[in-house]
Amino acid sequence: MPMVLLKCDKDIPEREKHIYLKAPNEDTREFLPIANAATIPGTLSERGCAFCGAKLVIGGVLKDTIQMIHGPLGCAYDTWHTKRYPTDNGHFNMKYVWSTDMKESHVVFGGEKRLEESINEAFDEMPEIKRMIVYTTCPTALIGDDIKAVTKKVMKERPDVDIFTVECPGFAGVSQSKGHHVLNIGWINEKVETLEKEITSEYTMNFIGDFNIQGDTQLLQTYWDRLGIQVVAHFTGNGTYDDLRCMHQAKLNVVNCARSSGYIANELKKRYGIPRLDIDSWGFNYMAEGIRKICAFFGIEEKGEALIAEEYAKWKPKLDWYKERLQGKKMAIWTGGPRLWHWTKSVEDDLGVQVVAMSSKFGHEEDFEKVIARGQEGTYYIDDGNELEFFEIIDLVKPDVIFTGPRVGELVKKLHIPYVNGHAYHNGPYMGFEGFVNLARDMYNAVYNPLRHLAAIDIRDENPLQMPEKIREAA
Ligand code: CFM
């Protein structure tokens, strides 16, 4: 049976439709796991909320924008500082968090006044910052606070500021994926083409769906600079609010994360005729392929080849050192969705690593189409996996390393299986050529770290004087 009912799911048999085990000679299109559907009751879902998808993933990355969360304090705190997206202006986005700190009285009597005060207070506190995004949350959406009216009033009173509103409360969709969509569409409807910037190159593009995790964007920017390509806007890694208002000026949209940001690329194509080019930025083969496609579009193939040759000369020997040592290791990937299909083939081709289980928190069917096409036979493909399922899958496939978030990561550590932070990275960036060597290094350090063997020794049962020998044995 291609769809799998795990033992731990015997009381929620509907989960069978969400777990696929790829077998030889199958038409995999017939067996796509159900995805982007409401979590089944009884499942301890790992998903985030729709508000989080808009704020933590996309809006909150911007380097020059106040993020005003209109709601109780927790909505702001819990979508702040859990991802590492640095900026080249001193990490403004990671230093501060803003909230209207709604209390019961505001819920009863309305929170618009409170919001207006908070917006003004934030701008007064930070006179150098002139841009803001205001988000609704579950309580403020439920009581019907009109955040657009409030921001309009403030913008009238403060002509030098610009404010964007995102009305995407946590309950608006089945996962954070909904928040991506709402922000994408809101931005193109309200902000694109409200500003023009200076164009300095005949080659211009938007780089879409890359959030500068530990410097990804900044690393790739060195390639675009060397190729003479002007990036009009980064959506949204190390990006600015005003650059994103100029997205209509680019000649090409290059999309890395299609899941979170494909929507705006499609709209830019529809409304402005700007073509969309999807690339993978993780892995040597993929990165080289991406650079080749971009350069072919602009007719600068030779420049592209020179850059690839330089990067290979510098980084490929290092990659191969790790490949020799990682070859044949088994890996699991439990992240949001796209990284499954970005990574499964790149670690296989570039490092000889086999991906044996993948779980997506919020990927859609098209993400599963891609990952199953690129992934191996004998591998599990899971939608919205839960902890009990993870434990059972670990017993079935015995991975050497798991790329996942800290929450599940801390859990698998207790089973003495190493994890690498698949969301915010251990020591990134991971994109580009240099980045993939970093990924390989983190994987190597995780797999060969003797500490995890040590963790299996119960020191209460051991004579501490014999420990050094035990340690050597274990390692
Ligand atoms: Fe795109 Fe992302 Fe991802 Fe994502 Fe995410 Fe992320 Fe992810 Mo964590 S935008 S979909 S909502 S690549 S935060 S930077 S790592 S789950 S696979």
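The chain is numbered in sequence order, starting from 1. First listed ligand is number 1; within each ligand, the first listed atom is number 1.
- Take atom 1 (Fe) of ligand 1 and draw a sphere of radius 2.8 Å; the protein N/O/S atoms inside it number 1.
- Partner of Phe433 under the ring pair (Phe, Tyr, Trp, His ring centres under 6.0 Å) criterion, out of Trp282, Trp315, Phe284: Phe284 alone.
- Salt-bridge annotation for Glu434 and Lys318: absent, with no side-chain N of the basic residue lying under 4.0 Å from a carboxylate O of the acidic one.
- Within the listing of ligand 1, atoms 6 (Fe), 13 (S), 14 (S) sit less than 4.0 angstrom from a heavy atom of Lys83.
- With ring centers used as reference points, Phe51 lies 6.0 Å or more from His70.
- Here Glu193 does not pair with Arg271 in a salt bridge; the nearest charged N to carboxylate O distance is not below 4.0 Å.
- Between Glu289 and Lys293, at least one side-chain nitrogen of the basic residue sits less than 4.0 Å from a carboxylate oxygen of the acidic one, meeting the salt-bridge criterion.
- No side-chain heavy atom of Asp210 sits under 4.5 Å from any side-chain heavy atom of Cys257.
- Applying the 4.0 Å criterion to heavy atoms of Phe362 picks out, from ligand 1, the atoms 4 (Fe), 5 (Fe), 10 (S), 11 (S), 16 (S).
- Between Tyr425 and Trp343, the ring planes lie tilted relative to each other; the angle falls in the 30° to 60° range.
- When the heavy-atom distances from atom 16 (S) of ligand 1 to His423, Glu46, Lys361 are ranked, the shortest goes to His423.
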